[in-house]
Amino acid sequence: MLRGAAMVTVSLDVSVVESQLAGGGLACPSCSGVLGPWGWARERVVGRAWAARRVRPRRSRCRSCAATHVLLPALMLLRRADGAEVIGRGLELCARGWSRRRIVRELGLPRSTVRGWLSRLAEVADTIRAHFTRWALWLDAGLSRIEPSGSPLSDAVTAIAVAARAAGSGSPWMFASAATDGQLLSNTSSPFPAPWAR
């Protein structure tokens, strides 16, 4: 019997993902078993207008516990229509003190979309700050703390940036997607994966 599907964040490069699946290079988040190929999830559009791209995520099945997992490319966040980079840009602008109206104009997105991101971030800012502070400290042994930056939202965005730098990631928002299995702003009670569990 199959257990319910969960998300695992993977590379944008399909050939890398296929190679990892074929070679047993992806671990099951449920039991740490080996994930193998298991078809494809439904196709979805990420982004809007000229920046829209069609993505059909790979599915996998654990060879040990039989749980299935959607392999979400790191450019995406769970249940969000816009890419991680666009959402991250909106969060950065808010952390700098921009108003929602100004962010909406800058990004050219519906007000309700931006309001949804910012409201969710406000709800989970402390959890995000703590999670990415742990990542930063785990990745950089020379780091002792991350200085507060003035508000829970700013502290969360700062912690993401510091952890991404410690990881040597060129994109803090793709790193944030990978470090939360796409759940950065999701409305789920599932905990983010711990840095030392990978």
Side-chain angles (χ1 to χ4, degrees), residues 5-12 17 26-27 29-30 41 44-48 51-53 55 57-58 69-96 98 100 103-104 106-107 109-110 112-139 146 148-149 151-198:
M7 295 288 171
V8 176
T9 310
V10 294
S11 169
L12 307 179
V17 174
L26 292 175
S30 303
R44 55 204 76 186
V45 176
V46 180
R48 298 161 200 258
R53 83 189 260 190
V55 177
R58 192 70 156 106
H69 303 281
V70 174
L71 305 181
L72 191 72
L75 67 88
M76 299 170 67
L77 292 177
L78 184 62
R79 298 193 191 347
R80 299 291 170 177
D82 296 289
E85 295 292 338
V86 172
I87 294 170
R89 174 83 175 128
L91 303 182
E92 287 171 353
L93 294 174
C94 184
R96 289 185 203 156
W98 285 38
R100 286 184 184 178
I103 295 168
V104 165
E106 174 73 15
L107 300 179
L109 295 172
S112 60
T113 297
V114 173
R115 182 176 58 238
W117 301 342
L118 301 180
S119 295
R120 184 58 184 158
L121 180 62
E123 291 171 16
V124 295
D126 285 334
T127 300
I128 290 171
R129 179 202 49 76
H131 179 70
F132 284 96
T133 298
R134 282 192 297 276
W135 265 103
L137 295 171
W138 185 69
L139 290 164
I146 299 174
S149 45
S151 73
L153 191 145
S154 287
D155 290 346
V157 170
T158 298
I160 290 169
V162 171
R165 272 195 309 275
S169 174
S171 164
W173 300 104
M174 286 200 199
F175 174 78
S177 175
T180 61
D181 278 343
Q183 298 180 78
L184 183 69
L185 297 180
S186 70
N187 296 316
T188 177
S189 59
S190 299
F192 296 150
W196 44 86
R198 289 277 187 211

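Heavy-atom basis, side chains included; hydrogens, waters and symmetry copies ignored.
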Subject >> Atom of A74, atom of T9 and distance for their closest heavy-atom approach >> reply: CA-CG2, 3.5 Å
**OP:** Drop me the distance from T180's OG1 to I128's CD1, to the nearest 0.5 angstrom.
**Re:** 8.0 Å
Subject >> Atom pair CZ (R129) and OG (S151), whose distance is rounded to the nearest 0.5 Å >> reply: 11.5 Å
**OP:** Please round to the nearest 0.5 Å and tell me the distance separating atom CE of M76 and atom CD1 of I87.
**Re:** 10.0 Å
Subject >> Sidechain-backbone polar pair: D181 side chain, V8 backbone, donor-acceptor under 3.5 Å >> reply: no
Subject >> Inter-residue atom distance R79.CZ - L72.CG, 0.5 Å rounding >> reply: 10.5 Å
Subject >> Atom pair CG (L77) and CG (D82), whose distance is rounded to the nearest 0.5 Å >> reply: 9.5 Å
**OP:** Please report the closest heavy-atom contact between I160 and P172, naming both atoms and the distance.
**Re:** CG2-O, 3.7 Å
Original post:
Distance-only, no hydrogens or angles: does the H69 side chain make a donor-acceptor pair with backbone N or O of S30 under 3.5 Å?
Top reply: no
Original post:
When you look at V162 and R165, which way does the side chain to side chain contact (heavy atoms under 4.5 Å, CB included) test go after all the steps?
Top reply: CA-CA 5 Å; V162 171; R165 272 195 309 275; 3.4 Å; yes
Original post:
Roughly how far apart are L91 CG and R89 CZ, rounded to 0.5 Å?
Top reply: 11.0 Å
Original post:
Counting distance only, does the side-chain N/O of R80 pair as donor-acceptor with the main-chain N or O of L185 below 3.5 Å?
Top reply: yes
**OP:** Check I146 against A136 and note the closest heavy-atom contact, atom names and distance.
**Re:** CD1-CB, 4.1 Å
Original post:
L75 and M174: which non-hydrogen atoms are nearest, and at how many Å?
Top reply: CB-CE, 4.1 Å
Original post:
Which pair of heavy atoms, one from A167 and one from F175, lies closest together, and at what distance?
Top reply: CB-CE1, 3.5 Å
Original post:
After noting the C-alpha distance and the side-chain angles of L109 and W117, does the key distance pass the side chain to side chain contact (heavy atoms under 4.5 Å, CB included) rule?
Top reply: CA-CA 12 Å; L109 295 172; W117 301 342; 3.3 Å; yes
**OP:** Please name the pair of heavy atoms, one in P152 and one in A125, separated by the smallest distance, quoted to 0.1 Å.
**Re:** O-CB, 3.6 Å
**OP:** Kindly say whether A95 contributes a backbone atom to a donor-acceptor pair with the side chain of S154 at under 3.5 angstrom?
**Re:** yes
Original post:
Can L107 and T113 be said to form a side chain to side chain contact (heavy atoms under 4.5 Å, CB included), step by step?
Top reply: CA-CA 11 Å; L107 300 179; T113 297; over 6 Å; no
